[in-house]
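Hydrogens, waters and symmetry mates are skipped; everything else that's a heavy atom, side chains included, is used. Chain A is the first sequence line, chain B the second, and so forth, proteins listed ahead of strands; every chain is numbered from 1. None of the values given here were measured: they were computed from a predicted structure.
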There are 2 protein chains.
Amino acid sequence: MASGRRREFDYELALNAAMYVFWQKGYSGTSMSDLIERMNINKPSIYRAFGNKEDLFIKATERYLEIKMKPHMALLFEEGATLKGRFKKHMMSIVDMQCSTPDAKGCYLVLCQSELISGGIPMQAELLLKSAEAIPTKCYADIFSNDPEAILLGLSQNAQSNSLCLYTMLKGTAAMARSGALRAELEYSVDSILAGIGLD
Amino acid sequence: MASGRRREFDYELALNAAMYVFWQKGYSGTSMSDLIERMNINKPSIYRAFGNKEDLFIKATERYLEIKMKPHMALLFEEGATLKGRFKKHMMSIVDMQCSTPDAKGCYLVLCQSELISGGIPMQAELLLKSAEAIPTKCYADIFSNDPEAILLGLSQNAQSNSLCLYTMLKGTAAMARSGALRAELEYSVDSILAGIGLD
DNA sequence: GCCCTATGTTACCACTTGGTATAGAAAATT
DNA sequence: AATTTTCTATACCAAGTGGTAACATAGGGC
């Protein structure tokens with residue numbers, strides 16, 4: 001079986017580049033020209049390797065979830081740290097990322113989720129974005145409900161609300177980071193919300 | 001001096017309609033076709049009455065600041081209410097608006113400010129959006145610095161940080177509202193952040 | 001060597017974008 | 001009523017959108 005000519009570009013690198021473009025410009029705001037330029041591949045090669053714009057967006061989004069969001073979640077389950085310490089580390093790890101990525105500040109998901117109500121996002125991409133939103137809130141709520149320290153602090157009483165509260169603050173830091181806020185400025189907000197829900 | 005034919009559409013109504021379109025779709029996401037449809041005027045009439053897309057956007061943004069943001073600010077200076085009461089009312093008034101406007105959930109400014117880093121926003125519009133951001137933070141910081149009750153509670157020590165903290169949370173509720181969160185769910189977050197900075 | 005498959009490149013497609021020229025219609029001043 | 005001024009409406013423009021057809025090119029299996 002003949003296997004044909006090998007592609008000249010690096011698939012993984014190209015997908016990363018696409019991820020950063022969507023992170024900076026959102027789905028509708030990103031044009032194929034943008035992608036061609038930043039991925040450094042010409043158009044038919046992109047279509048052959050990744051499918052159409054929606055397919056590429058879905059792959060880029062899944063990559064973001066995998067390499068950018070997942071690592072933060074692990075920090076919530078580190079052994080030998082207090083509940084507050086784990087949440088603080090988790091949240092500041094996210095804030096760090098929101099502030100540090102040049103030209104792609106804030107959160108990929110927050111940006112693209114805000115496009116949903118604008119219209120123009122294809123169905124499958126919409127479903128993925130909506131399902132991604134449920135992951136951290138569910139995770140936080142589970143911890144608040146079941147962690148012994150959380151139960152002791154009474155946080156299990158309002159597990160759902162406490163979860164939503166932290167998530168809301170992280171969306172806020174994402175928006176602030178996108179406008180140029182610094183990590184140091186946002187740390188105070190993280191500390192305040194943790195204190196605010198009674199996590200001391 | 002002949003004054004000519006009178007316009008058939010209502011200028012104020014049309015500008016309001018434009019405001020809601022930008023509120024829903026942002027600057028780049030809004031096309032002239034969108035505006036024509038929702039303002040119910042044909043294209044040359046829009047250009048004659050409002051100038052080009054950027055001019056119209058600036059007018060719509062100024063209108064948003066005037067009729068949508070300004071009323072919330074007044075609540076911070078109501079007589080005979082505690083500092084916490086005034087901030088609670090102010091913030092919930094904003095959250096109310098973020099949740100209730102159909103098809104234009106969230107905050108006009110948060111949405112459009114997030115487009116700045118994407119590029120494609122004209123200079124004058126960019127300046128307006130950036131200057132709008134400074135208004136509430138400056139206002140909060142002034143209150144935390146000078147209000148007797150704030151000084152008594154020690155909030156004047158971190159006036160700047162406390163200000164940024166509340167503003168960050170409001171950007172978070174805006175993002176949450178845009179994704180469909182309800183007023184009741186977000187009230188808990190507002191209460192928590194007020195408690196978190198020590199405003200009891 | 002040949003063939004087959006997959007690649008990169010150029011050119012093109014229909015459609016939408018922001019913006020305008022032009023012509024006809026309506027109202028106020030003379 | 002005539003004129004002037006501003007309005008609305010149809011049609012159009014160049015440039016950009018997402019997406020493809022066609023063709024030359026490169027590499028592995030036989």
Practice item. May I ask you to verify if any side-chain N or O of R7(A) is less than 4.0 angstrom from the OP1 or OP2 atom of dA6(C)? Key: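 No, R7(A) has no side-chain N/O under 4.0 Å of OP1/OP2 on dA6(C).
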Check your understanding: Looking only at side-chain N and O atoms, does R5(A) come under 4.0 Å of OP1 or OP2 in dG8(C)?
Key ->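 So the side chain of R5(A) is outside the cut-off, no N or O lying under 4.0 Å from OP1 or OP2 of dG8(C).
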Exercise for review: Give, ordered by number, those residues of residues 24-46 of chain B having at least one heavy-atom distance below 4.0 Å to an atom of DNA chain D; if nothing qualifies, reply none.
Suggested key: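 Hits under 4.0 Å, by residue number: N42(B), P44(B), S45(B).
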Exercise for review: Please list residues of residues 9-17 of chain B whose heavy atoms come under 4.0 Å from any atom in DNA chain D, ordered by number; otherwise none.
Suggested key: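 Heavy-atom contacts with DNA chain D come from F9(B).
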Check your understanding: For residues Q24(B) and S118(A), is any side-chain donor paired with an opposing acceptor at under 3.5 Å?
Key ->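 Checked: Q24(B)/S118(A) side chains show no N/O donor-acceptor pair below 3.5 Å.
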Check your understanding: Restricting to pairs with a member in residues 155-181 of chain B, which pass salt bridge (charged side-chain N to carboxylate O under 4.0 Å, His left out), not counting sequence neighbours?
Key ->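 Listed once each, the pairs are E133(B)-K171(B).
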Review point. What pairs of residues pass the salt bridge (charged side-chain N to carboxylate O under 4.0 Å, His left out) test when at least one of them lies in residues 30-49 of chain A, not counting sequence neighbours?
Key: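 Every pair satisfying salt bridge (charged side-chain N to carboxylate O under 4.0 Å, His left out) with a residue in residues 30-49 of chain A: K25(A)-D34(A).
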Check your understanding: Near DNA chain C, which residues from residues 111-124 of chain B have a heavy atom under 4.0 Å away?
Key ->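 Residues of residues 111-124 of chain B that come under 4.0 Å of DNA chain C do not exist, since none gets that close.
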Point to revise | DNA chain C contacts made by residues 51-62 of chain B, counting heavy atoms under 4.0 Å | key: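 The answer is N52(B), K53(B).
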Practice item. Inspect the contact between R86(B) and D147(B) and indicate whether a charged nitrogen and a carboxylate oxygen are less than 4.0 angstrom apart. Key: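 Salt bridge: yes.
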Exercise for review: With sequence neighbours excluded, tell me which residues meet ring pair (Phe, Tyr, Trp, His ring centres under 6.0 Å) with Y20(B).
Suggested key: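 Checked Y20(B) against ring pair (Phe, Tyr, Trp, His ring centres under 6.0 Å); matches are W23(B).
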Would you give me the side-chain donor-acceptor pairs under 3.5 Å for residues 189-200 of chain A, sequence neighbours excluded?
from, atom 1, to, atom 2, distance (Å)
D191(A), OD1, K88(A), NZ, 3.0
S192(A), OG, Y188(A), O, 2.8

Exercise for review: Cation-pi check, K59(A) to F50(A): give yes when NZ or CZ is under 6.0 Å from the six-membered ring centre and within 45° of the ring axis, no otherwise.
Suggested key: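 Verdict for F50(A): no cation-pi partner in K59(A).
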**Study point:** Under the salt bridge (charged side-chain N to carboxylate O under 4.0 Å, His left out) test, residues paired with D55(A) that sit two or more places apart
**Key:**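 D55(A): no salt bridge (charged side-chain N to carboxylate O under 4.0 Å, His left out) contacts found.
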Practice item. Could you please name the option among dT8(D), dG19(D), dT9(C) that lies closest to any side-chain atom of R48(A)? Key: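 Nearest listed nucleotide: dT9(C).
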Check your understanding: Taking only Watson-Crick and G-U wobble pairs with both distances under 3.5 Å, what dot-bracket line describes DNA chain D, where [ ] shows pairs that cross earlier ones and | shows pairs with another strand?
Key -> ||||||.|||||||||||||||||||||.|
Tell me if a side-chain donor or acceptor on [X] pairs with a main-chain N or O of [Y] at a distance below 3.5 Å.
X: Q98(B); Y: A177(B); result: no
X: E185(B); Y: L164(A); result: no
X: K130(A); Y: S179(B); result: no

Check your understanding: Hey, what do you get for NZ (K138(A)) to OG (S145(A)), rounding to the nearest 0.5 Å?
Key ->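 So the gap between those two atoms works out to 8.5 Å.
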Review point. Between atom OH in Y47(B) and atom C1' in dC13(D), what is the gap in whole Å?
Key: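 Taking OH of Y47(B) and C1' of dC13(D), I get 13 Å after rounding.
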Check your understanding: Tracing side-chain links under 4.5 Å among I, L, V, M, F, W and Y, which residues wind up in one group with M123(B)?
Key ->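 Answer for M123(B): L127(B).
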Point to revise | Any residue meeting side chain to side chain contact (heavy atoms under 4.5 Å, CB included) with L75(A), in chain and number order, not counting sequence neighbours | key: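 Once residues adjacent in sequence are excluded, the partners of L75(A) under the side chain to side chain contact (heavy atoms under 4.5 Å, CB included) criterion are E78(A), H90(A), S93(A).
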Check your understanding: Does the pair L56(A) and Y47(A) meet the rule for a side chain to side chain contact (heavy atoms under 4.5 Å, CB included), with working shown?
Key -> CA-CA 9 Å; L56(A) 175 55; Y47(A) 277 84; over 6 Å; no
